[in-house]
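In what follows, every chain begins at residue 1, and chains take the letters A, B, ... in the order their sequences are listed. Reckoned from all heavy atoms, side chains included, excluding hydrogens, waters and symmetry mates.
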Amino acid sequence: RVSSDGKPPKFQPPPKPVIIDRKTKKEESRFLSPEFIPPRGRKDPLKYYIERKDMIQRRKVFNIPEFYVGHILAVTTANPLASDKSSRFVGICIQRGGTGLGATFVLRNVIEDQGVEICYELYSPRIQAIEVLKLEKRLDENLMYLRDALPEYSTVDVNMKPVPRMDHEEIPVNKVQVRMKPKPWSKRWERPKYNIKGIKFELPEHKMQAAQKWSQPWLEFDMLREYDTSKIEEKIRKELSEELEK
Amino acid sequence: SITGACRAIQKLTRVRVVDNSALGNTPYHRPPKCIHVYNKTGVGKVGDKILLAIKGEKKKALIVGHKMPGPTMMPRFDSNNVVLIEDNGNPIGTRIRTPIPYTLRRREGEFSKVLAIARNFV
């Protein structure tokens, strides 16, 4: 271009390219239930392969929704001793444990001022329906401290209607800081071993610092404890997609 | 120390009386404690009868929930719940507000009157 002065035109940097990362978005949205990942050990992987086949068979017949710790679920189980032969329990999921067909999750609720927890097996044939009433992740993966928290944090309305989910991408994280009952607690939740971020500790400073004595900062660098599941997860995802298409 | 393993209800456990009887609800300076479990083992689970010491008296009671985790699908309560009972099995209170596990319905013959006054089942 011809400029007014005869000097070269002012350098205009080219427009930055907009990168739409479609690949990573797809990977994040594919949820793999934690019970599919085999634990670290020297067992024959054939055992886990057979278990996964059985798990997929069950999932084809019965829909197990995607849920995390902190969601509010309603589970209807077949119970010969109940009227109508089925019973319904609503509660917050506080823990997901076990691997394979023995995978469990614990639901907690406070009914008539009495805290009740029930441990359900995901793949039990007695379960007739699992509904997710509210999708909400929490800051921790284990909400066992709700036992020592004020009962208002564990109360869930039994007749709650399912909250409609807006996006199909994000699950909101509830950053609530739970207030606790006075000590003694069932476990010393202030210790760094539990690494809890969801409690509002109202303990004096010297107690919080004394709890740090039990911290083990070398644990995160321990190479023998490392368990990289990315490759195992890829394999299992492939298997799942193949089996579910059949 | 010689603390035992986490067992459900045994001798000297403090229990919580759940029905609306006068004996269970009037305040006393000592909590109701178990003094005997009517079982071959000394450990009481849901549906076992125990002897309680309340307000200086001995009274039989039925366990309706304990803090110890049981088999999967069984509810685990946050307190050791108990319903006061006579020797013939008649409950002393008239209403039980706290939830009671369905497994008690299995022994309909023995506990029919207790189940009749229960409101919620879990």
Side-chain angles (χ1 to χ4, degrees), chain A residues 74-91 94-98 101-128 130 144-151 153-156 158-159 181 185-187, chain B residues 1 3 5-9 13-20 24-25 45-47 63-83 93-112 114-122:
Chain A
V75 178
T76 24
T77 43
N79 200 333
L81 303 163
S83 58
D84 287 346
K85 303 294 175 195
S86 68
S87 64
R88 188 180 142 104
F89 186 74
V90 183
I94 52 176
Q95 185 186 267
R96 281 189 81 165
L101 286 168
T104 55
F105 62 101
V106 183
L107 289 186
R108 180 183 164 84
N109 198 352
V110 173
I111 309 173
E112 299 271 356
D113 300 329
Q114 172 71 59
V116 186
E117 289 173 12
I118 307 189
C119 178
Y120 288 106
E121 279 172 336
L122 270 179
Y123 295 95
S124 167
R126 269 176 70 182
I127 295 185
Q128 290 165 341
I130 304 180
M144 283 292 178
Y145 57 80
L146 286 180
R147 287 177 190 168
D148 300 316
L150 298 172
Y153 294 100
S154 317
T155 30
V156 174
V158 185
N159 304 320
K181 289 190 214 164
W185 299 329
S186 58
K187 301 261 159 155
Chain B
S1 66
T3 37
C6 163
R7 289 160 164 232
I9 295 185
T13 40
R14 289 162 289 184
V15 288
R16 177 188 164 204
V17 175
V18 189
D19 54 18
N20 64 347
N25 290 36
K45 307 272 173 159
V46 174
I63 304 176
V64 287
H66 48 72
K67 262 181 142 180
M68 178 170 157
T72 52
M73 304 290 201
M74 267 276 277
R76 188 206 82 105
F77 297 87
D78 275 0
S79 59
N80 298 319
N81 298 339
V82 123
V83 170
T94 50
R95 229 173 286 160
I96 303 176
R97 287 194 74 192
T98 47
I100 292 202
Y102 276 112
T103 41
L104 286 178
R105 277 243 174 115
R106 213 171 281 266
R107 304 208 268 174
E108 206 65 81
E110 292 173 59
F111 307 140
S112 54
V114 178
L115 294 166
I117 60 174
R119 287 270 202 85
N120 317 339
F121 282 93
V122 164

Peer 1: May I ask you to check whether Asn20(B) and Thr94(B) show a side-chain donor-acceptor distance below 3.5 Å?
Peer 2: yes
Peer 1: To check you understand the geometry: which heavy-atom pair defines the closest contact between His66(B) and Asn80(B), and what is its length?
Peer 2: CA-OD1, 3.5 Å
Peer 1: Side chain from CB out, backbone as N, CA, C, O: work out which of these in Met74(B) comes under 4.5 Å of a heavy atom of chain A, or both, or neither.
Peer 2: backbone
Peer 1: In terms of heavy-atom proximity below 4.5 Å to chain A, should Arg16(B) be classed as side chain, backbone, both, or neither?
Peer 2: side chain
Peer 1: At a heavy-atom separation under 4.5 Å, does Phe121(B) approach chain A through its side chain, its backbone, both, or neither?
Peer 2: neither
Peer 1: Report the option among Leu107(A), Ile127(A), Leu81(A) that has the most heavy-atom pairs separated by less than 4.5 Å from atoms of chain B.
Peer 2: Leu81(A)
Peer 1: Crowded around Arg126(A) CZ? As in, over 12 foreign heavy atoms under 6.0 Å?
Peer 2: yes
Peer 1: I'd like to verify something: which residue of Arg76(B), Arg105(B), Met73(B) has the highest number of heavy-atom pairs under 4.5 Å with chain A?
Peer 2: Arg76(B)
Peer 1: Which bit of Arg88(A) comes within less than 4.5 Å of chain B, counting heavy atoms only: side chain, backbone, both or neither?
Peer 2: neither
Peer 1: Specify the closest pair of heavy atoms between Gly109(B) and Ser112(B), including all atoms of both residues, with the distance to one decimal.
Peer 2: O-OG, 3.9 Å
Peer 1: Do you know which two heavy atoms are closest between Val83(B) and Val64(B), and how far apart they sit?
Peer 2: CG2-CG1, 3.9 Å
Peer 1: Looking at chain A, which one of Thr72(B), Val18(B), Val122(B) has the largest number of heavy-atom pairs inside 4.5 Å, strictly under?
Peer 2: Thr72(B)
Peer 1: With the side chain counted from C-beta on, respond yes when Arg147(A) and Arg108(A) share a heavy-atom pair under 4.5 Å apart, and no when they do not.
Peer 2: yes
